[in-house]
Protein chains: 2
Amino acid sequence: MVRAVPDTHGEILAAAARQFTVTGYRGTSLQDIAREVGCSKATVLYHFANKEALLAELMAPAIEVLRSLDDQLNGLTGAAAQEVAAQGFVDLAVRFRQEIAVLRGEFPELLCQPAFAHIQQISDRLRDALAGHSDRPGARIAALVLLAGISEACAEFVDIPDDELRPALLTLARRAVEPVDAPLPHPPTTEDKDC
Amino acid sequence: MVRAVPDTHGEILAAAARQFTVTGYRGTSLQDIAREVGCSKATVLYHFANKEALLAELMAPAIEVLRSLDDQLNGLTGAAAQEVAAQGFVDLAVRFRQEIAVLRGEFPELLCQPAFAHIQQISDRLRDALAGHSDRPGARIAALVLLAGISEACAEFVDIPDDELRPALLTLARRAVEPVDAPLPHPPTTEDKDC
DNA sequence: TCAGGGTCTGACCGATCGGTCAGGCATGCT
DNA sequence: AGCATGCCTGACCGATCGGTCAGACCCTGA
């Protein structure tokens, strides 16, 4: 195990991920992160422009995958959209469990930051697809319950291996989602809310 | 509409509830609450010992109902426990939407406060009942997804009337929960986690 | 040998946080 | 009139926050 290059950048990133998971973004100070890494707070701010940039770099891979799922969903309707949305989101959630745990709870405030400007709309479209683009309250409610619940489950069940968690969630999603009979084209609704 | 007594206490409570819902407990300062009420920060701290006491009084009714549901669940097993848990929690979640929205996200940290010491164990038992006291990962996962998802849905769909939200959630819960075939007695497992 | 760039740090900044405290100001009882 | 009580406030406190900055340290290439 050669440790030629210290890779402080990566260590800060990893420490921040751990701390954010436990105490949340707001609840974790740059001092806390520096202490865990074993460097000064100034060093953290040398490697990252500010606290928000740290979070953005931490979430970047997950957001990229979410964005590609959104592309995949574009144009699909009805049951096909439901299946792709369910499968895609379960995969994503299981894979990026830690990132989801980081965002957990501070979602509403964090979404207001410019780095996460788009993911509210993406998750709205994802929810819409999972509801089969239906306007029925039952379908919309089921879709939200599923997305939120799956996120929470992935953040909480850190001890369950991916291969066990993924099929369980997918089965649940397929059972819980309201089936759509006739696939009718429907523009995705993006309900913006003031931030 | 006579306004003989100003009832500052109640106004502070109501303002705090609104602010906590939007910006979270941590994200809301006593100054923010005082500003909305139209009094000084010192007045807020005259009516409430500290910020935590304000939150505790805000959550008290919801916690009381949760506790009584826990009593109701005590001794029930199998499908009976599942049905009572589902119905009881949906009722509770719909009724105390705002309180749930307040807690949303800051759950893990807030549970460490003495005022909320017991509700982690209660929610563990509730989840266990909803899973039909089964050890199967699928059942445990489904129960968690449901509890977390229902909470989130209630916090988010503030515009949907109770009478519409409640049956939709209950139908979803019954469809999503894993049916238990043979009701077997099983002691509730309380998995404590370090805070 | 020296210059320069990358890395890191302690000291410091203004802002804001939750909370304390002495005192002002009504009201009502004696 | 005098006094006690309840309600409220401005001024202030120590702690902590995210962020800045000048300079120390080390390595490397000329």
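Please read these numbers as outputs of a predicted model, since none were measured by experiment. Quick note: numbers below take in every heavy atom, side chains included, and nothing from hydrogens, waters or symmetry partners. Quick note on labels: first sequence line is chain A, next is B, and so on, each numbered from 1.
The side-chain hydrogen bond (donor to acceptor under 3.5 Å, both in side chains) test applied to A/Glu36 returns A/Arg18, A/Gln19, not counting sequence neighbours. Every residue two or more places apart in sequence or in another chain that forms a side-chain hydrogen bond (donor to acceptor under 3.5 Å, both in side chains) with B/Asp70 is listed here: B/Arg125. Under the side-chain hydrogen bond (donor to acceptor under 3.5 Å, both in side chains) criterion, A/Ser123 pairs with no residue at all, not counting sequence neighbours. Legend: residues meeting salt bridge (charged side-chain N to carboxylate O under 4.0 Å, His left out) with B/Glu57, ordered by chain and number and at least two apart, are absent. A search for side-chain hydrogen bond (donor to acceptor under 3.5 Å, both in side chains) contacts involving A/Arg175 returns nothing, not counting sequence neighbours.
In the region residues 28-36 of chain B, proximity to DNA chain C at under 4.0 angstrom, judged on heavy atoms, holds for B/Thr28, B/Ser29, B/Leu30. Looking at residues 38-56 of chain B, you'll see B/Cys39, B/Ser40, B/Ala42, B/Thr43, B/Tyr46, B/His47 sit with a heavy atom under 4.0 Å from some atom of DNA chain D.
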Name each donor-acceptor pair under 3.5 Å that joins a side chain in residues 37-48 of chain B to protein atoms two or more places apart or in another chain, with its distance.
{"from": "B/Ser40", "atom 1": "OG", "to": "B/Ala42", "atom 2": "N", "distance (Å)": "3.4"}
{"from": "B/Ser40", "atom 1": "OG", "to": "B/Thr43", "atom 2": "N", "distance (Å)": "3.2"}
{"from": "B/Ser40", "atom 1": "OG", "to": "B/Thr43", "atom 2": "OG1", "distance (Å)": "3.1"}

Please output the side-chain donor-acceptor pairs of residues 89-102 of chain A that fall under 3.5 Å, not counting sequence neighbours, one pair per line with the distance.
{"from": "A/Asp91", "atom 1": "OD1", "to": "A/Arg166", "atom 2": "NE", "distance (Å)": "3.0"}
{"from": "A/Arg97", "atom 1": "NE", "to": "A/Val94", "atom 2": "O", "distance (Å)": "3.3"}
{"from": "A/Arg97", "atom 1": "NH1", "to": "A/Phe157", "atom 2": "O", "distance (Å)": "2.5"}
{"from": "A/Arg97", "atom 1": "NH1", "to": "A/Ile160", "atom 2": "O", "distance (Å)": "2.9"}
{"from": "A/Arg97", "atom 1": "NH2", "to": "A/Ile160", "atom 2": "O", "distance (Å)": "2.8"}
{"from": "A/Arg97", "atom 1": "NH2", "to": "A/Asp162", "atom 2": "OD1", "distance (Å)": "2.4"}

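When DNA chain C is scanned in the 5' to 3' direction for atoms under 4.0 Å from non-hydrogen atoms of chain A, the outermost contacting nucleotides are C/dG6 to C/dG10.
The line from OG1 of B/Thr8 to CG of B/Leu13 is 12.0 Å long, rounded to the nearest 0.5 Å.
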Restricting to nitrogen or oxygen on both sides, can you table the protein-nucleotides 23-27 of chain D pairs closer than 3.5 Å?
none

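The ring pair (Phe, Tyr, Trp, His ring centres under 6.0 Å) contacts involving residues 14-36 of chain B comprise B/Phe20-B/Tyr25, where partners must be two or more places apart or lie in separate chains.
Atom CG of B/Asn74 is surrounded by 12 or fewer heavy atoms from other residues, nucleotides or ligands within 6.0 Å.
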